There are 2 protein chains.
Amino acid sequence: MKVDFEELVTELKNKNIRLSHQRLKVLEYLTQNYTHPTADQIYNGLHHEVPTLSKTTVYNTLNSLAEAGLVRTINIEDNEIRYDISTGDHGHFKCKSCRKIYDFEVDINSIKATDLNGFEINDKNIYFKGICPQCQMSNKEK
Amino acid sequence: MKVDFEELVTELKNKNIRLSHQRLKVLEYLTQNYTHPTADQIYNGLHHEVPTLSKTTVYNTLNSLAEAGLVRTINIEDNEIRYDISTGDHGHFKCKSCRKIYDFEVDINSIKATDLNGFEINDKNIYFKGICPQCQMSNKEK
DNA sequence: GTTCCTGCAAAAGCTTTGCAGAAGA
DNA sequence: TCTTCTGCAAAGCTTTTGCAGGAAC
């Protein structure tokens with residue numbers, strides 16, 4: 001699940017994506033805040049440090065990175081896109097109470113979908129929803 | 001995968017959800033058009049037959065039905081909500097080319113998520129994306 | 001010097017909200 | 001009758017677009 005910033009930069013160069021200051025900062029944010037943030041959260045996290053940063057650029061950057069395969073988009077709920085820098089196989093659990101998203105390991109290749117013979121599958125997502133242990137505890141206390 | 005309209009009506013009664021004309025029509029649409037429609041598609045499909053129908057009512061109805069567990073919401077992509085009247089276990093495949101959503105059978109209980117001990121899991125979704133056989137064919141012809 | 005990127009403002013798209021009148025139980 | 005639902009208009013959010021100036025290469 002660990003993601004190396006330098007490796008990502010190399011990949012950007014390979015794909016002829018320019019290393020603008022803003023892009024590097026967004027990438028850096030994603031590697032340092034592994035919380036599946038929304039575009040808005042990334043913007044808010046960075047615009048103190050990069051005052052000229054605009055939301056448009058955050059969106060542009062995320063779209064470029066997603067197209068290049070460096071980030072994965074998560075559409076789990078609420079009509080908002082979340083971004084994940086780790087592209088390895090894993091599932092996502094969203095707590096309905098605190099809205100936090102947790103990763104979990106899962107062997108995606110073990111999922112058998114016999115109905116999909118002839119389909120070209122490029123992307124597999126597993127989304128679970130429920131209540132995380134912390135929220136179960138604090139709910140009981142009430 | 002087949003869904004019985006009468007059964008759904010009985011469930012509405014059990015849950016004290018009023019059987020308004022609009023609600024019944026939305027439910028009927030969902031059982032007769034098993035295409036994972038968006039709220040907009042449902043509205044467009046019905047407003048000839050039910051001219052006074054408003055989009056607000058479509059949204060209100062779908063939210064009530066989802067809350068009551070009679071429909072499932074699908075957030076697979078593009079920040080739009082799709083609705084599925086079949087609540088049995090199955091995965092969804094979205095073709096990136098024609099944007100159609102296909103169901104596929106999958107044994108959701110066979111998915112092992114050992115990291116989620118202590119998590120209360122209420123909902124499991126499996127989303128695959130790629131190119132469906134029809135689109136593969138028509139792409140080759142070009 | 002080119003080409004691509006940034007960021008402002010405006011627009012677009014989906015969904016929700018407030019509320020008065022209408023319909024269901 | 002009482003409660004809930006409908007539907008209009010308006011607002012709320014997230015995301016995209018157009019475009020002129022600026023930065024990367």
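All of these numbers come straight from a predicted model, not from anything done at the bench. Proteins come first, then strands; the chains are lettered A, B, ... in the order of their sequence lines, and each starts at number 1.
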Under 3.5 Å, is there a donor on one side chain and an acceptor on the other for B/His90 and A/Asp115? no

Which whole-number value in Å describes the distance from A/Ile81 CD1 to D/dC13 C1'? 13 Å

Kindly say if B/Gln22 contacts the phosphate of C/dG24, meaning a side-chain N or O under 4.0 Å from OP1 or OP2. no

Rounded to the nearest angstrom, tell me the gap between atom CG in B/Leu24 and atom P in C/dA25. 9 Å

Toward the 5' end of DNA chain D, by each residue's nearest nucleotide, A/Thr56 or B/Arg18: B/Arg18

Distance below 4.0 Å between A/Asn63 side-chain N/O and D/dT15 OP1 or OP2: no

For the pair made of CD1 in B/Ile17 and C1' in C/dA23, what is the distance, rounded to whole Å? 17 Å

Touch class at under 4.0 angstrom, heavy-atom based, for A/Asp40 against every strand present: nothing

Could you tell me whether B/Ser20 contacts a base, only the sugar-phosphate backbone, or nothing, with contacts defined as non-hydrogen atoms closer than 4.0 Å? sugar-phosphate

Grab the CD-P distance between A/Glu67 and D/dT16 for me, whole Å please. 12 Å

On DNA chain C, more 5' by nearest nucleotide between A/Pro51 and A/Ser64 is A/Ser64

Answer yes or no: does a side-chain N or O of A/Asn60 lie under 4.0 Å from OP1 or OP2 of D/dT16? no

Measure NZ/A/Lys13 against C1'/D/dC25 and give the value in whole Å, please. 12 Å

Between B/Lys100 and B/Gln134, is there a side-chain heavy-atom distance shorter than 4.5 Å? yes

Would you mind reading off the distance between A/His21 atom NE2 and D/dC25 atom P, rounded to a whole angstrom? 13 Å

Hey, does B/Thr52 reach any base, or is it just sugar-phosphate, or nothing, if we go heavy atoms under 4.0 Å? sugar-phosphate

Could you check whether the side chain of A/Ser54 and the base of C/dC8 have a donor-acceptor pair of N or O atoms closer than 3.5 Å, going by distance alone? no

Could you give the CG-to-P distance, from A/Asn79 to D/dT15, as a whole number of Å? 9 Å

Hey, does B/Arg82 have a side-chain heavy atom less than 4.5 Å from the side chain of B/Glu80? yes

For atom NZ of B/Lys55 and atom C1' of D/dG7, their distance in whole Å: 13 Å

Side-chain N,O (A/Tyr59) to OP1/OP2 (D/dT16) below 4.0 Å: no

Report yes or no: do A/Asp123 and A/Asn125 form a side-chain donor-acceptor pair below 3.5 Å? yes

Is the shortest side-chain heavy-atom distance between B/Cys132 and B/Cys98 below 4.5 Å? yes

